[in-house]
Every structure is written in C-alpha cells, then in structure tokens.
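Following: one structure in structure tokens, then a few remarks.
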Amino acid sequence: MPRNLPGLLDGLELIRQDFPILGRTMADGHPLVYLDSANTSQKPQVVIDTMVDHLERHNANVARAVHQLGGEATEAYEAGREKVAAFIGAQRDEVVFTKNASEALNLVANTLAWAEGDLRVGPGDEVLITEMEHHSNIVPWQLLTERTGATLRWFGLTDDGRLDLSNIDELVNERTKVVSLTWVSNMLGTINPVREIADRAHAAGALVVVDASQAVPQMPVDVVASGADLLAFTGHKVVGPTGIGVLWGCRDVLEKLPPFLGGGEMIRTVTMERSTYADVPSKFEAGTPPIVEAVGLGAAVDYLGHVGMENVRRHEEAITGYLLDGLSSVKGLSILGPKDPHDRGGAVSFELDQVHPHDVAQLLDSRGVAVRAGHHCTKPAHQRYGVQASVRASSYLYTTPEEIDALVEGLEYTKKYFRVD
Amino acid sequence: MPRNLPGLLDGLELIRQDFPILGRTMADGHPLVYLDSANTSQKPQVVIDTMVDHLERHNANVARAVHQLGGEATEAYEAGREKVAAFIGAQRDEVVFTKNASEALNLVANTLAWAEGDLRVGPGDEVLITEMEHHSNIVPWQLLTERTGATLRWFGLTDDGRLDLSNIDELVNERTKVVSLTWVSNMLGTINPVREIADRAHAAGALVVVDASQAVPQMPVDVVASGADLLAFTGHKVVGPTGIGVLWGCRDVLEKLPPFLGGGEMIRTVTMERSTYADVPSKFEAGTPPIVEAVGLGAAVDYLGHVGMENVRRHEEAITGYLLDGLSSVKGLSILGPKDPHDRGGAVSFELDQVHPHDVAQLLDSRGVAVRAGHHCTKPAHQRYGVQASVRASSYLYTTPEEIDALVEGLEYTKKYFRVD
Amino acid sequence: MSDLDAMYQEIILDHYKNPHHAGLREPYEAEVHHVNPTCGDEVTLRVHLDSTDDDAVIEDVSYDALGCSISQASVSVLTDLLIGKKVKEALDVHEEFLALMQGRGTVEPDEDVLEDGIAFAGVAKFPARVKCALLGWMAWKDATTQVVARTAGPTEEMA
Amino acid sequence: MSDLDAMYQEIILDHYKNPHHAGLREPYEAEVHHVNPTCGDEVTLRVHLDSTDDDAVIEDVSYDALGCSISQASVSVLTDLLIGKKVKEALDVHEEFLALMQGRGTVEPDEDVLEDGIAFAGVAKFPARVKCALLGWMAWKDATTQVVARTAGPTEEMA
Ligand SMILES: Cc1ncc(COP(=O)(O)O)c(C=O)c1O
Ligand SMILES: Cc1ncc(COP(=O)(O)O)c(C=O)c1O
C-alpha cells in the first residue's frame, strides 16, 4: 500500500500529532479512522489552547468595556475577524460572524424579504437554487418564497452528478432576483462553476449567494474572484469550533440589507419609538457575539494558512483519488457523483449493494472507521438519484492512505458479515 | 473592613480559586477586581476543562452520525440540554439552544409575524414591553411591530427605578398580543413582579415572554412558576461560554410557532417543492448547533447547582448591600435604581458628579477595577432618568467585600484625580 | 458475543431479508407515514382493527418500509407480535419493547411478551440505532391512537 | 509619567472643563449628529464655510457635545485648530490627527500641525478611548464633506 502518494502533505505524521483526538482508541482497541470531516473537522491543539488561554486570561465582553480585559477581548475578537478576512481575501468590515453557515444563509434570505428598493424579493420574483443544495441552502429560500409570494426554481442534476446547465438561459432570466448555490457539494463532491454562473446571474441583474461551507475548508478561496455577492461558511469545518459561522458580503450589498436580528451592539441609537443601526458588520451582530469562538476560528485559519491551502487542496486530491480507486475495487459498490478527483471535493458518497448505509456505517464503526450514513442533509439530491440514503466517506488534511485502506478493508468485512458477494 | 459579611458564600476563597482569571495581575501590578459580571461572567476551570476534554476526545457532529464519536458528541450535547432543563425546572424538549439571549428573543418576535392562527401578530395588535428593557428586548419588537403594522407600547418607570404599573389596566387590554419584559434589569437592578404581570397578561389572552438574562445567573429560577410562556437567557452570564443562549418555551407554544431559521436538522423531510419540520426543540435548531458550547453550559449549570442558587442569591444580596453602602459613602455619587438589596439584583449603576462615566471607568481600570461605563444597552432607561451614560458595578458569586472596598477607594481616588470634592 | 453480533442477531437478519407481512393492504382505518429525520428511514403503516371500542382486535398491520436492517426487522417482528392481539394487550407489548429499547442494555427482556422481539436487546446498547428499532412501533402507536381517538371523541384520548 | 497621566494631560482636562467654541451657532451649511454606538457619546456639529469651492475657508465650527473628557476636549481642540483654516489644510490636520490616534502610541505627533492636539498622543495607547477622541473629528469631516459634495455634485466626492 503506497505510504507516499504524490501530493500528500509533507510531514503528515506531524500534522496528525497536532490533532489530539486522532490518537484515540475506539471500542475493541481499534484506532480511530475519522472519515467524517465533511460533517465536522477535528481541531488542532493550537485552536484548543488558544481558546483556553482566552477563557483563562482574557475573557470579557467585547466592544462595550473600557477596562483592560474588555480591551483584550475586543482585540482578540476583532483579530479573529481580520484573520478570517485575510484568509478569504476580504475586507475586515465585510466579515459578519454568525452562529453557523445556516444562520448566514438565513440572514440573507430573511433580510431580502424586508429590503428596500432593488434587493427586495416579492411576488413575481424568482429565486434560483440547485437540486444538490444542502438543506440549509434550500429551506431558507422555501420560507422566503412562500412568505413573499416569489417563486423558487432550481437547476437539475445530470446523471454523472453535475449541475444540468442546459436550461440556464431559461432559468436565469429578468425575474431572477437571487441565485444561491453551493460551491462544492457535501454529498456528490461536485465542484460547481460558481464564477461562470455568477457572471450569468449578474448579467441578468441577480444577486449571487454562494454556500462555501465545503469549499473554504478544502481549497484556496478568494471571495472577490468567486463572483459571489454574499458567501457563507462555517467554523467547525475549517478546524475551528462550533458556534461560529461567517457571512461575507461585499460592502455595498451588506449596507443595503436591513438588519436581521435586533439587539445589543447592532444599534446606533435606540429610543422606545425607533432605532437606528450601526455600520456593517456590527449591524448584523446582535447581542454578545461568539467571542471565544472567533478567537478559536482565527487560530484555525492561521493553522490552515501555515499549512497552505494549495497544499491542503493537493492533499485532498491525492487522498480522494486514492479513495475513489479503493472504492472502485469493492464489488457491488456504486459511487454517487463525479469520479475524477481533480474536479471534485473530498466527500465521496456511495451505496453498497444489499447492505443499508446504516448497517455499513455500523460495521465500519465496529472497526473504528467513522463515516456518515443517511441523507447528509441533501434529501433532494438523494431523491434525484433514486437513493434513500448513502454512506459518505470524507477526508481532510490529516487523512492518510492507510486510513483509506482501513475503510476498504472494512467494506469487504461488511460484505462478508452480511453475506453479500 | 468586614471580611465576613453575613450571607457570603462559604469557602469563597476556594470558589475564587476555581476561576483562573481571578488570579490575573493587571497593568502596574494591580490584582484584577472584576466587577463587570452583568456584562459577562468569568468561567470556572471545570467549564474550560470539560470543553477541552470534549474537543480533544469526543468532537463530532451531533444527531447525524452512527459512529462512536458521533454518539458521544450527541450524548454530551443532549446532556447539556438536560442539565439546563433541570436547572430551570423545565422539560428537556422545551429547551432550545440559540446563539445568545438576543437570538432567543428575536426567534420569538420573528416567528410571531408568521405564526398561524391565534399567535400571529398583525395590524391592530399591541405588543407591550417596558422602558427598562435591554436593547435586545426592544429592537426585535420594534422590527416586528413596524413590519406587521402592530403597535408597540410600554410600561414607564417610576422615579425610584421600578416599573410604573399605575396604568396597567389600560396597557394590558384585549388588543395586547404579547407582553415581553425583563425579570431583572441589567441597568437598575430592579427585580420585576414577573408573575403578577404574567397573570394579568394571561387574563387578557396575551403571550408572556420573559428576558431572564440577569435572573437565571443570580437566583433560583423555576420557569413554570415564573408565569412565562417563553423565557430567554444567555450562556456567558451563567459562567458558561459565549456562543450559546437558551429559549425555553412551554411545549404547546413552541409547537404552534412556525420555524425560524431553516436548514439541516430542523426538518422532517425536504423536497425541492416543500419541507416539513422536525418536532421541538429540533425545529428551532437549524444547522450545526453550538455543541461544545452546550457541553460547557452543562458544566456551568452543574457548577452553579453545586454551589446552590439559593446560596448564590444570598451572596449576591450580601455583596450588593455592602456595595450600596459603600457607594452611598462617596460624596457626589448618585445611584440609579432601587436602594434595597433585598429586592434587586447585583448590578448597580451610578453617576459621579463632574466626572464622566468613561473617565471614572478609566481611572478605576488603572487600579485593576473593571466596571462598565456607557448605556449598558439600555438607552431608553438612561434617557428616562436624564442620564447619557452611567458607571455600572456588578458582582457575582466570586466577588468579595474587599473588591467592593477597592472600588470605593478607586472612586475616591478618581475624585481626587479630577479634583472634584 | 460481541456487541455487534448481539445487535445483528440471526433473527434480525432473517426478518430483514424476509420481512413478514410486508406491503400495504386493504382494508385499514388509519395510515401514517413516519420518518426518522436524522437518517431518512421511512415507514408507511396501516392498521385494521375489528372495532373501535376498548376490546378491539388488531386484524392487520401492513406497511411499506425503507431503511436499515434494524428498522425493517423491527416492523416485521411487530406485525408477528401484534396482529391478532387486542389493542389493550398490544399497547402493553409496545410498552415492554419501548422499555427494552430505552434501557441502554440494562433491561432484561421478557420472552413471553416479546418473543422474537427479544433479539433487539442488543440494539439498546447503540443509542443511534434505537430510533431505527422504534420507527415502526411509533408509527403503529400513532395509527392505532388515531383510530381509537377518532371514535372515542376528542376528550377521551389514549394514554 | 504613567499612561494614565499621559492620557489625562492638563491640556485635555482644561479643554474638558472649559471647552472652546461650544454651543450651536448660525449660520451653517451642514449639521450632523454622530453617536458612538458602544458608549453613547454624542455630538451635534455644524460647519460654516465662506464658499463651497476648493479654497473654502472654515468660518465656524460649532457644536453641542455629550460625553467623556476625551471626546469633549477633542472637539474643543478641533475648533481651535480648524476655524480659520482652508478646508484643504484642515483635511491635512484631520489626517494627521487620525494617524496619531490610530498609531497605538507609536506615532510621533507634529506639534506644528496639531498644536494642543499633541496632548492626545497618550490616548492612542487606549484603544477603547480612540473612538472618543475621534468622534468630533469624524463628525466634522462628515459635515464638511456634505457641504462640498452638495455643491460639487454627486460625481465629484471628497477623498
Ligand atoms: C437583560 C438582558 N437582556 C438581554 C441581554 C442580551 O444577552 P446576549 O448579549 O447574550 O444576547 C443581556 C446581556 O447583554 C441582558 O443583560
Ligand atoms: C454544503 C453545506 N452547506 C451548509 C452546511 C451547514 O453548515 P452548518 O451546519 O454549520 O450551519 C453544511 C454542513 O453541514 C454543508 O456541507
């Protein structure tokens, strides 16, 4: 088995040592083989330590206090924002902290219902999404269109797991107010031509929202080059903590959107009769923000920055290629989504003939191999392919070829256990 | 100086040792005197350690995974919910995790705009709040009433810092749809007669929302006895982490409210055309929830439970009494809000003649004493008393009488520094 | 026996490969569709009672299930156990099965009551799979409650 | 000198106790109201220019300020510095003051340009107070920009 696949990260063993959980022994003495990183990533020691240091030495509320701890906390929180901005090529004032990617997408869908002027979505308007979206980029738009009398439309999918763009001329039209799509599919692994679609959408006068929840962890992302007007991702998938997400928006659009949640810190002034609102990004950060989480997220993107996102992407391609090969060697296994590692992300969903995904995952788990089974919050895409559920293996910068071997061996064992051949 | 005030927590010195930050030395060698706990509380070691253990050994996404780590993470997350429920006398399914108290209050205000039937707020309806609310319990209702054509009304305040209930018969009427009020004021310290007002509101058929952000940290809270239909508080003020808040609601009301944010985990099933929603509390928890934060919050309420909320309350009363006495000894200082420690919380706001609150806070900070200066997110209450800003000192279970002494000495020093007498 | 083997007992795998009473049949008084939202397992289930009073006998339980071995085997075992029983007795079996599943492996199953159902004792040690085992049972209770409640009127609901 | 004394210089306390050019006066071409949202400091500020072209001279800056010593002293110093200057020159002073305030204590102030304003050098070490010192200056720039932009037309905005 090739311990040295071309493209693997240099010093992979050292990188693994940065992640304490990877040393864990699971039931029956099996070492942990964590192949569920598209669900959530593991955390390096430096992220944990940075959060601990903040809580033990610098904890205070932000923005509100004159005192030293308040100053330190504010500085640490805003440094998190600066690091995130630098990581995605954004201005710091264009980075809004939310609680997760889902809130970021809901923020946009929600405020478009109340926006004034051009941005407002109303009866007759169309919102365009795709059939491969995560539920978090479907349900907010269903709620928006149901509540405003607008119409929800979507790109279908081709048999090989890509966006079906054949009817783009009809789908992107003068009624299209918003185009919201995922950059990288969390189920199929597909990397979508976001820039191309954004250009078409802009030509039609639509706003472009990109769900980059699976893109930012896996590849270098430049928000400006992406063509997005607004872009969302989530902290816990980029080796950061839960409880924090990011909405990036170009300043002009963020300024035009009305506030979302109301409360402390998002105001300019409040009287009982009426309030005025703070500048972006504060306007969208009501209440005490995720402070220690922003500190942790800052450390997380620093960590990824040191490894280098080009290198992470190369590693993911190498591992995914090896994974696709390994899976193809298993008889009765069918992969959902593109088969070429060069134009896909590191999440690979598949079915195993005659064994339900839950049972596959359970058998793998009995050998320490953690994968996801179910619909991965993409029910419509599963339905599109006539699949009720699937197994998903997803790698990250700490994944080794040996772990893929363990998965493949586990699948053969599963077949034997359930007497499938 | 009385080291042994009646009512102080037993073993206060040991309790202080649980909070690593309290050992910090600030600029010029002054020990930290943290009197800003109404803004955010400090964290005991056990909360930090529990979070670290989770991140280092049990991190995974919840609800979605068959594997062992997923099981451990789900169990830890749900145990957080159970602990919180037990802490406030609730059923576990009635506890919704949000990102902070502000989101919890916005969730309610927002969904009332879209509710079906009785709960829906529309033109002609009235929403009743009070002039002492935190901005987070004002702005959401302004947005709701502006957007639905309903009317916002409020209880005024008496000169001694209490709710003016003299016109309650007029304010609570058949048009009143919602009464939302704070249990304990974060500026004036006032404890409001929540139950009495809730009973009046219920008699008029209104829904009762209680902002318990300052109540849950300071006194035993039984949500059912409170009379609230919905109640909000925030993790970071109960020695827990940022990034998590709690909305409690009685099951019946939660079930009637439509979803707020849409996305992963809040659905029952999704097709491109339409979705159905999960049962409460999942219905209101879209996307990856604050997992490690729920784990930390569970440890936090466990910690408070071990100390005993009756004891915390007694400690707060003792310290607040001592604080009120200390402040009264400072010439030129005027306290905003009730003067009796028995019917008020532990946040005391005041003005010092001829020195602006910022300057007071700055001088205190130069001696290691951390207080808040400004409007404390209660601009209308400040305006009510003709005050542009104030200084606020707020204690918690780790506060000692010696720290109050340091504050009072700091105030005298401030006066000297600014040559006020 | 490993925990895994304790979960995937022969009986369970047999029911999975050859489910009993599968398919949707007429007549029926109530049909429900239940989904496990986290994993997507689904069951459509119908009940046919011979009357709607307290002594009603379960004439048929028919179903169409999509899901893992545990959820499929569990609904298959359910039909074996409940068809032909009085609703009252069936509710006791339901209680017993629920207690077993939620016992985290500490509850000793009563073979007289649960018959093949005791094979699910091993599932109770896998919290993530308990929902799979309960999907069909929850659906059955829901459907049955609908039939009885409908006739009993809104005030007299089943426990 | 301690950091505290470096912030609360005599000059600052003098301006605070006896603010120069305080109050709102006529005539004026623009009035703005600025608030520091985090602390609530407020200033209402008016500017009166002798013309609206490039060479405009600042005839008056009048204000009503509510806030701490730093924010009050800072607007008082501003009026001393800017009244009588050409807008062009005043913008340079504004830049210089901004650079000083945002320098975190590393920028050496130029007394020739900033005069009494150099007393604010100590404030730069207190990030929470920098906003206080800048409140009046931001308001002045906003008001001035409005006057000049209004006449210059929408395409030609001030830097
Ligand atoms: C009374 C009151 N309500 C609401 C809040 C808002 O809490 P959070 O900022 O955590 O949303 C606070 C604290 O800031 C508060 O004191
Ligand atoms: C493509 C995609 N979009 C959105 C999300 C939602 O992220 P979160 O659950 O952190 O809100 C996820 C992950 O669950 C995802 O993979």
Side-chain angles (χ1 to χ4, degrees), chain A residues 20-21 24 26-27 36 39-40 42-43 48 52 55-57 59-61 64-69 99-103 106 131 135-136 138-140 142-143 147 154 236 241-243 261-264 267 270-272 275 286-288 290-293 358 361-362 365 370 372-373 377 379-380, chain B residues 20-21 24 26-27 36 39-40 42-43 48 52 55-57 59-61 64-69 99-100 102-103 106 114 131 135-136 138-140 142-143 147 154 236 241-243 261-264 267 270-272 275 286-288 290-293 358 361-362 365 370 372-373 377 379-380:
Chain A
I21 208 170
R24 250 200 78 174
M26 309 309 292
D36 197 17
N39 201 354
T40 199
Q42 296 304 341
K43 321 303 171 207
I48 300 170
V52 167
L55 290 173
E56 288 186 355
R57 297 184 43 78
N59 176 66
N61 214 323
R64 308 167 163 189
V66 168
H67 53 69
Q68 293 168 63
L69 284 184
K99 69 173 174 178
N100 53 25
S102 302
E103 188 198 349
N106 278 275
E131 210 173 354
H135 295 162
S136 292
I138 298 176
V139 182
Q142 290 179 333
L143 291 170
R147 288 168 177 180
W154 52 88
H236 66 93
T242 53
L261 308 181
I267 57 95
V270 175
T271 63
M272 293 309 285
S275 301
T288 301
I291 302 169
V292 70
E293 291 79 5
H358 276 187
Q362 191 78 60
D365 186 55
R372 186 165 174 191
C377 300
K379 274 209 150 190
Chain B
I21 208 170
R24 251 200 78 175
M26 309 310 292
D36 197 17
N39 200 354
T40 200
Q42 295 303 342
K43 321 304 171 205
I48 300 170
V52 167
L55 290 173
E56 289 185 355
R57 298 183 44 79
N59 175 65
N61 214 322
R64 307 167 163 190
V66 168
H67 53 69
Q68 294 167 62
L69 284 185
K99 70 173 175 180
N100 52 25
S102 302
E103 187 197 351
N106 278 274
W114 305 111
E131 208 173 356
H135 294 162
S136 292
I138 299 175
V139 183
Q142 290 180 335
L143 291 170
R147 287 167 177 181
W154 52 89
H236 66 94
T242 53
L261 307 181
I267 57 95
V270 174
T271 64
M272 293 308 286
S275 302
T288 301
I291 303 170
V292 70
E293 291 79 5
H358 278 186
Q362 191 78 59
D365 186 55
R372 187 165 174 189
C377 298
K379 273 207 150 190

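Just so we're on the same page: letters track the sequence lines, and every chain starts at 1. All values derive from a computational prediction rather than experimental measurement.
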Study note, to complete from the structure: Interface check, chain A: of B/N106, B/I267, B/V52, most non-hydrogen pairs under 4.5 Å belong to B/N106
Revision key, fill the gap. Looking only at A/E56, A/M272, A/K379, most heavy-atom pairs under 4.5 Å shared with chain B are made by A/M272
**Study point:** Side chain B/N39, main chain A/N61, donor-acceptor under 3.5 Å
**Key:** no
Point to revise | Region of B/Q362 that comes under 4.5 Å of a non-hydrogen atom in chain A | key: both
Point to revise | Non-hydrogen atoms of B/C377 and A/G264 that approach each other most closely | key: SG-CA, 3.9 Å
Practice item. Would you please test B/M26 and A/L69 for side-chain contact (heavy atoms from CB on, under 4.5 Å) and show each step? Key: CA-CA 9 Å; B/M26 309 310 292; A/L69 284 184; 4.0 Å; yes
Exercise for review: Please state whether the side chain, the backbone, both or neither of B/N100 comes within less than 4.5 Å of a heavy atom of chain A.
Suggested key: side chain
Review point. Considering only heavy atoms, which portion of B/R147 lies under 4.5 Å from any heavy atom of chain A: side chain, backbone, both, or neither?
Key: both
Review point. Which region of B/L143, side chain (C-beta onward) or backbone (N, CA, C, O), has a non-hydrogen atom less than 4.5 Å from a non-hydrogen atom of chain A, or is it both or neither?
Key: side chain
Revision key, fill the gap. Of A/T40, A/L261, A/T271, the largest count of non-hydrogen pairs under 4.5 angstrom with chain B goes to A/L261
**Study point:** Minimal non-hydrogen separation, A/E293 against B/G243, with atom names
**Key:** OE2-CA, 3.8 Å
Exercise for review: Report yes if the side chains of A/V139 and B/V270 come closer than 4.5 Å at any heavy-atom pair, otherwise no.
Suggested key: yes
Exercise for review: Please look at B/I138 and chain A and tell me whether the side chain, the backbone, both or neither of the residue comes under 4.5 angstrom of a heavy atom of that chain.
Suggested key: side chain
Study note, to complete from the structure: Highest number of heavy-atom pairs under 4.5 Å with chain A among B/Q42, B/K43, B/Q68 belongs to B/Q68
Practice item. Output the distance between atom CG (B/N59) and atom CD1 (A/I21), rounded to the nearest 0.5 Å. Key: 5.5 Å
Point to revise | Which of B/A361, B/P241, B/G262 touches chain A most, by non-hydrogen pairs under 4.5 Å | key: B/G262
Check your understanding: Under 3.5 Å, side chain of B/S102 to main-chain N/O of A/G263, donor-acceptor pair present?
Key -> no
